[in-house]
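One structure below.
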Amino acid sequence: MSHVVSLESHAGIAVITLDNPPVNALSTAVRKGLLAAIEKADAGSHKAIVLHGAGRVFIAGADIREFGQPIEDPWLPKVLERLESCSIPVIAAIHGVALGGGLETALACHYRIADAGARVGLPEVKLGILPGASGTQRTPRLMGVQAALDLMVSGKPIMSRQAQDAGLVDRIAEGELLPAALKWASELLSEGSGPRRNSDLLVDTSKLSPGFFEQYREATLKATRGLPAPQAIIDCVEQATRLEFTSGIAYERERFEELVRSPESAALRHAFLAERKAAKVKDLPADTPLRPIASVGIVGAGTMGGGIAMSCANAGIPVTLLEINQEALDRGLAVCRKNYERSVARGRFTGEEAESFMQRITGTTNYSDLATADLVIEAVFEDPDIKKTVFQELDKVCKPGSILATNTSYQDVDDIAAVTGRPEDVLGMHFFSPANVMKLLEVVRGATTADDVLATVMKFARTLGKVPVVSRVCYGFIGNRMLAGYFREAQMLLLEGATPTQVDQALESFGMAMGPLAVSDLAGLDVSYKARQAIPDIPDHPSVHVADQLVEMGRLGQKTGAGYYRYDSATRKRQADPEVEEMIRAEAKRLGMAPRTITDSEIVQRVIYPLINEGARILEEHIAQRPGDIDIVYLYGYGFPKWRGGPMFFADTVGLKIVFERICAFRDSLERPQDWQPAALLETLASQGQTFRAYQGW
Ligand code: HSC
């Protein structure tokens, strides 16, 4: 029929197979092929149709890469209308996943059978859009208003049994799916059951309380920070309760088209594709061999080591956790246990699951117990000499071929590798705290890291459920290196006249999960203070004066109940503190800086543009592979709002020329021009009218 859709006959039943690897996305070719196959099957001598997918899934949805371009005919809603109108029964056979347009396709079929392990869902909201091929109109007809809203507003898939209970799936296949679907088709035919169109159903509104939609809207608005897609989904479902099917579809189409053009959707689609791209290393051949990782050793049972151990244990990997003495080891293991207990109390794991995870973590104080580990991750104190000593020990005891990783946030991975006799087996694995929760993993590729070591760790990161991004070696790698300017400007703004509350609120309104000063209080102001004290002859920079004084006043942040803010001991809620504001004014006066009124928009530019500028330098120096990789680091490790796509994507939406000119204006108007030198790459792209999106990197 077509290279992506085939039609075969099985004893009078037409089997239409979609074969568009890797996930049977509904690209133009698939839609064309499917429409042609439906027409042929319906017009011929077939008695029923079974629709299924080749490969690992039924259909993962519309082809995300086609959004943002003119949609070619036939549109999916048209294909599905034709599918539903078939004069013979059509059965969807679902395995793997039926997501987005994939589930909408299944819902347009007359009957649905699924594998017990299949998942179905409408995750469009995560891409800033709504189900645009009848999903908002069909789901409330089949599963009721509340359940349909929950499915679409959360975007979370459900298992096929849950879908069966909810009315989305009719049967769970026993044994192999396709034979079960064919058998069911024969049964339906022998019973005389014909097409069953859910567009003929009415939405049941009998159980809806008065004001239901208003209440749902309000609750969603708070939970989704006012993003447009969830609200549009609610509007569509409300219309489904009022309009007949075809008018509901027309309304859904209108709202879909509005959303697909929105900047939020463009950013979320970018984030989806950039995340998958980041997992690929440009110069590694696809067939690079992988080393097996069946066991992991971790050196250091502190916050990071314990978190990494839990992350491995949760993924089914046995861990040996090493500490310097029994007391420190017991403390580390007790923290892991407590964290698991907390997860059980929150309902994240069952008690048995938590116990089985804990069983996978074995403690030791003896390096020789790490001898057989396939991967050892060092997570000791951030001191280069201590780290080097650990690597010398590991080099002595670990079997040949085991991968040795450092969880350093700043140190030179090449220097660490050089103390071993096997620098090719060494690389950085920079986890983010808490390591059992945070998804980002910066994989630091040293100058001598072997290809198979890098490829193995990239794959292993996915096994842990992490989002890996490759960074070359530099101080702070991608994420922390960029932070320097971000924090510098947040602190300079205080001296120039802004309050901590104003700075943090401006950035939180921009969408950051937490403002930079509140983040500093959370992390502990003493951490960076000690790091500064440890650098001999560190040049004085006024930006750290306030932070230094806070530490010297005993205000270390949340842990002491006071930092930039004062914290309520029960709720941990932050409150502005006049004592701090007075100290800031006194310090500014001492430095001869007169306070001025600063707008929220200047605050955002002053704090976010240094991220973009440093990101451009990181690209120039080939530290990051692509602008999208930098975005992923910020989305998954630093609380940058996903709906803005990351700092580099955000720069494109502002326009690189505008960003560049503003950076130059800050250079020319602020006291420290050396802090605002524009990156050469930014200047080049701005002058060429280019975007980071189009920049291919190295
Ligand atoms: C949608 O369906 C909108 C509808 O309502 C229709 C609207 C029509 C309106 C018409 C006009 C009115 N497209 O994640 P993985 C690629 S929106 C293209 O690493 P896994 C992915 O990029 C869509 N490509 O694998 C990667 O490519 P690479 C709603 C897609 O096993 C490869 O597949 N659906 C794609 O960890 C492997 O992906 C979704 O949001 C797609 N839809 O997870 C589902 N989906 O090899 C999104 C995947 O080149 N997808 N790719 O790197 C997923 O959640 C996951 O990919 C899976 C697989 C769970 C499917």
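Computed from a predicted structure; not experimentally measured. Indexing begins at 1, ligand by ligand and atom by atom, following the structure's order. Just the heavy atoms: all of them, side chains too, but no hydrogens, waters or symmetry mates, feed the values below.
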Atoms of ligand 1 less than 4.0 Å from [X] heavy atoms?
{"X": "G61", "value": "2 (O)"}
{"X": "R253", "value": "12 (C)"}
{"X": "P131", "value": "5 (O)"}
{"X": "R462", "value": "19 (O), 36 (O)"}
{"X": "P123", "value": "34 (N), 39 (C), 40 (O)"}
{"X": "G100", "value": "2 (O), 29 (C)"}

Please round to the nearest 0.5 Å and tell me the distance separating atom [atom1] of [X] and atom [atom2] of [Y].
{"X": "L18", "Y": "I59", "atom1": "CG", "atom2": "CD1", "answer": "4.5 Å"}
{"X": "L151", "Y": "K156", "atom1": "CG", "atom2": "NZ", "answer": "11.0 Å"}
{"X": "M429", "Y": "E442", "atom1": "CE", "atom2": "CD", "answer": "12.5 Å"}

Contact (N/O only, under 3.5 Å) between G101 and ligand 1: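 Between G101 and ligand 1, an N or O pair is found under 3.5 Å apart.
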
Heteroatom distance test (P77, ligand 1): nitrogen or oxygen, under 3.5 angstrom: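 N/O-N/O distance under 3.5 Å: no.
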
Positive for side chain to side chain contact (heavy atoms under 4.5 Å, CB included) with V79, one of V30, L34, L26: L34

Identified side chain to side chain contact (heavy atoms under 4.5 Å, CB included) counterpart of I16 within the set L7, V50, V90: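 Of L7, V50, V90, side chain to side chain contact (heavy atoms under 4.5 Å, CB included) with I16 is met by L7 alone.
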
Exam field: side chain R644 to backbone F650, donor-acceptor pair closer than 3.5 Å: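 Not at all, since once roles are kept as given, no pair shorter than 3.5 Å links the two residues.
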
Under 3.5 Å donor-acceptor, E66 side chain and T28 backbone: yes

Parallel, tilted or perpendicular: rings of F649 and H270 (30°, 60°): parallel

Plane angle bin for F432 and H430 - parallel if under 30°, tilted between 30 and 60°, otherwise perpendicular: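 If you compare the ring of H430 with that of F432, the planes turn out tilted.
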
pair L149-F212: side-chain heavy atoms closer than 4.5 Å: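 SC-SC contact between L149 and F212 confirmed.
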
Heavy-atom pairs closer than 4.0 Å: do any link ligand 1 to the side chain of [X], the backbone, both, or neither?
{"X": "L127", "result": "side chain"}
{"X": "V23", "result": "side chain"}
{"X": "E257", "result": "neither"}
{"X": "E104", "result": "side chain"}
{"X": "K280", "result": "side chain"}

In terms of residue, atom name and distance, what is the protein heavy atom nearest to [atom]?
{"atom": "atom 54 (O) of ligand 1", "result": "L99 CD1, 3.8 Å"}
{"atom": "atom 38 (O) of ligand 1", "result": "R276 NE, 4.1 Å"}
{"atom": "atom 60 (C) of ligand 1", "result": "A60 CB, 3.6 Å"}
{"atom": "atom 42 (N) of ligand 1", "result": "A62 O, 2.9 Å"}
{"atom": "atom 32 (C) of ligand 1", "result": "P22 CG, 3.5 Å"}
{"atom": "atom 56 (O) of ligand 1", "result": "F272 CZ, 4.0 Å"}
{"atom": "atom 37 (C) of ligand 1", "result": "R56 NH2, 3.7 Å"}

Verdict with supporting geometry, E264 and R225, salt bridge (charged side-chain N to carboxylate O under 4.0 Å, His left out): CA-CA 12 Å; E264 290 86 356; R225 302 183 70 140; over 6 Å; no

Step-by-step salt bridge (charged side-chain N to carboxylate O under 4.0 Å, His left out) determination, D170 to R196: CA-CA 12 Å; D170 303 298; R196 197 185 53 165; 3.0 Å; yes

Ring-face cation contact, F272 with R276, 6.0 Å cut, 45° max: yes

Protein contact for atom 19 (O) of ligand 1 (heavy atom, distance under 4.0 Å):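 Under the 4.0 Å cut-off, atom 19 (O) of ligand 1 does have protein heavy-atom neighbours.
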
Atom 13 (N) of ligand 1: any protein heavy atom closer than 4.0 Å: yes

